[in-house]
Amino acid sequence: MAQFFTALKKKYVDLKIKYKLFILISWIMIISFSFTVFGLQYAFNSYDKQIYSKSSQVLSTSSNSLEYELKKIEDLSYNILTDPQISQYLIEERDQSNEYEKFRIRTSMADKLLNYVNNDKYIQSIKLINTNDDDWNVGPKTFKLPDAPKEQIIKMAMKAHGTNIWTTSPGDDLTIVSARQIRQYNNLSFRNLGTLMIYINMDLLAGNLLQGSSKLDGDFLITDKKGLIYPKKVNSEIKNEALTLNKNSGYQIKKISGKNYFLVHIKSHYLDWNYINVMPFDEIFKNIEILKNILFILFISMYFIVAIVGLRFAKNITSPLENLVDGMQYAQHGDFKEAQRGFLEPSFLQNDEVGKLHKNFQRMIQQIDELVNENLSKQLTIKETEFKALQAQINPHFLYNTLESINWLAKVNDQEQISRMVEALGFLLRNSISLKKPLITIESELNIVKNYIIIQKYRFEERLDFSMHVDLDVFDNYIPKLTLQPLVENAIHYALETMIEPCKIRIYSILNKENFQLIVEDNGPGMEPEILEKVKKGEMKTRGQGIGLSNIDERIKISFGAEYGVNIESKPNQGTKIIILLPYNRGEEHVQSNVS
């Protein structure tokens, strides 16, 4: 996987700038669209919750109104149950053998029950069945139950022991039944007197409640554990979906018969019923779906428009750069004429950064071409001049051979001092002319100093007291050429020449773990603090044409690093000490060498 991303990254890095710009614009568009989609989705979800909240409030209000009416029916049945006159009629009718009296009692009972029916329009009928299976049926609609359903309702009422039960009416899809057992409360005998059934038209009850400002959109359904209570005639798939909603209150979006529906359901706290509102989702969210489609089409259109404009924009930027790259490739191979042909005319170039870069590079190529042509003619002239200068140059070997001849004549004439001075001068001349190696060993540098001291000894004799005490371990370490000799020369100029008494000049070493110090010390007049500060800053000029301390310090830093170099310590009338700090490559042995 890592290799895949590495290869993908390499391909992206190698792409042309215009394609990188196109990818950048595409990513910006995609990210912007993603944020827009997420934002809209969040808004739509919030809208769903608001619809659910509103729908559940309306559904709760409607269900509460419905249950309020059902409680009124339950109260009505309780009033009938506890009506002493009705109980008396039931007892008398059961115990009466005279048919006329029975007829009178039954008529009085019907009139009494009819008074209860007139209270509400949705009460279809009130049926009262005594223990002899004789019944009273009053109301706009007469219900005649088959024996089996009737016995089932009676048994259910008896099991409830006088409390109200609700059940559906067999054979009528729009009717539910409230049933109670009637008992004799006189003398607290609680003897069974019969069963009271009140038939409710759910279409009238629910229809009236759902009208007006609180009318629900879509279908209103009532279910219980046994099945659908209201309405009986509904889409079978909607019915099956509604029967599965036996959970707590909530909302769902379901696809039914190829269409999306918004289902809001709440559970009744009064009865074991579920109230469900099924709304067509497409109608509710019709405008939102249109908005989604418009946004999608708008994004695709904008993407293609931005892509086309972006490519043209990128091409305007990259075309001069591509021409510039082509010109650079020709210039790389030295074909300056062809490089200039590939440039755009100045009138076609814009005055932006790319245009300025293009113009400057074009001007540079023209100047390089002119310089190459001029340099070619100059080189011919220089070669000719160098050849003539070479013919007139004195060969350094001629000087060496001359010094050797003087040395031989001095030895033949027993002039030992002249011989030694000539040998020392030849050694110094040979080392000063040879500049092929900028770094030499400490041992070679000390040999240069010794030959220089040989010549100075013949000049100053006893006034020059010189000594060297350098560890042999550092002899193989390297130092920039002509480091110590100029320092000894400075000691002679600034210390020895200003003194009458002998001047002590010595070179010694101090070894540390990671570095070592070479110290050139004299007992001369020293320096005042302000002069010492100027010397450290490189503001003091050297006498003559010698090598200054700043030059030596700079060469050491270039060769070994900024932590190494030259440091000066001097006080008036206490001499001068020049400390050279160098890296130390430690050898296996530590031997002190005293060279005088």
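Scope of the values below: all heavy atoms of this structure, side chains included, with no hydrogens, waters or symmetry mates.
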So for atom CE, which belongs to Met302, do other residues, nucleotides or ligands contribute more than 12 heavy atoms lying within a distance under 6.0 Å?
no

Heavy-atom neighbours of Tyr78 OH exceed 12 at 6.0 Å:
no

[atom1]/[X] to [atom2]/[Y] distance, rounded to the nearest 0.5 angstrom?
X      : Y      : atom1 : atom2 : result
Gln85  : Met109 : CD    : CE    : 9.0 Å
Thr223 : Tyr275 : OG1   : OH    : 10.0 Å
Asp83  : Gln88  : CG    : CD    : 11.0 Å
Asn515 : Tyr564 : CG    : OH    : 6.0 Å
Ile176 : Leu70  : CD1   : CG    : 5.0 Å
Ile165 : Ile153 : CD1   : CD1   : 7.5 Å

Which pair of heavy atoms, one from [X] and one from [Y], lies closest together, and at what distance?
X      : Y      : value
Leu221 : Val278 : CD1-CG2, 3.9 Å
Leu196 : Ser77  : CD2-O, 3.6 Å
Gln181 : Leu81  : O-CD1, 3.2 Å

Presence of salt bridge, Glu69 and Lys72, under 4.0 angstrom:
yes

Could you check whether Asp553 pairs with Lys557 (Lys NZ or Arg NE/NH1/NH2 to Asp/Glu carboxylate O, under 4.0 Å)?
yes

Are the side chains of [Y] and [X] in contact, using a 4.5 Å heavy-atom criterion?
X      : Y      : answer
Tyr584 : Asn512 : no
Asn130 : Trp136 : yes
Ile198 : Ile123 : yes
Ile154 : Met197 : yes

For Thr195, enumerate each residue passing the side chain to side chain donor-acceptor pair (under 3.5 Å) test, keeping only those at least two apart in sequence or located in another chain.
none

Going by the rule side chain to side chain contact (heavy atoms under 4.5 Å, CB included), which residues pair with Thr163 if we only count those two or more places apart in sequence or in a different chain?
Ala160

Determine whether a donor-acceptor pair (N or O, by modelled atom type, separation under 3.5 Å) exists between the side chain of Ser178 and the backbone of Trp166.
no

Are any side-chain N or O atoms of Arg183 and backbone N or O atoms of Asn192, one a donor and one an acceptor, separated by less than 3.5 Å?
no

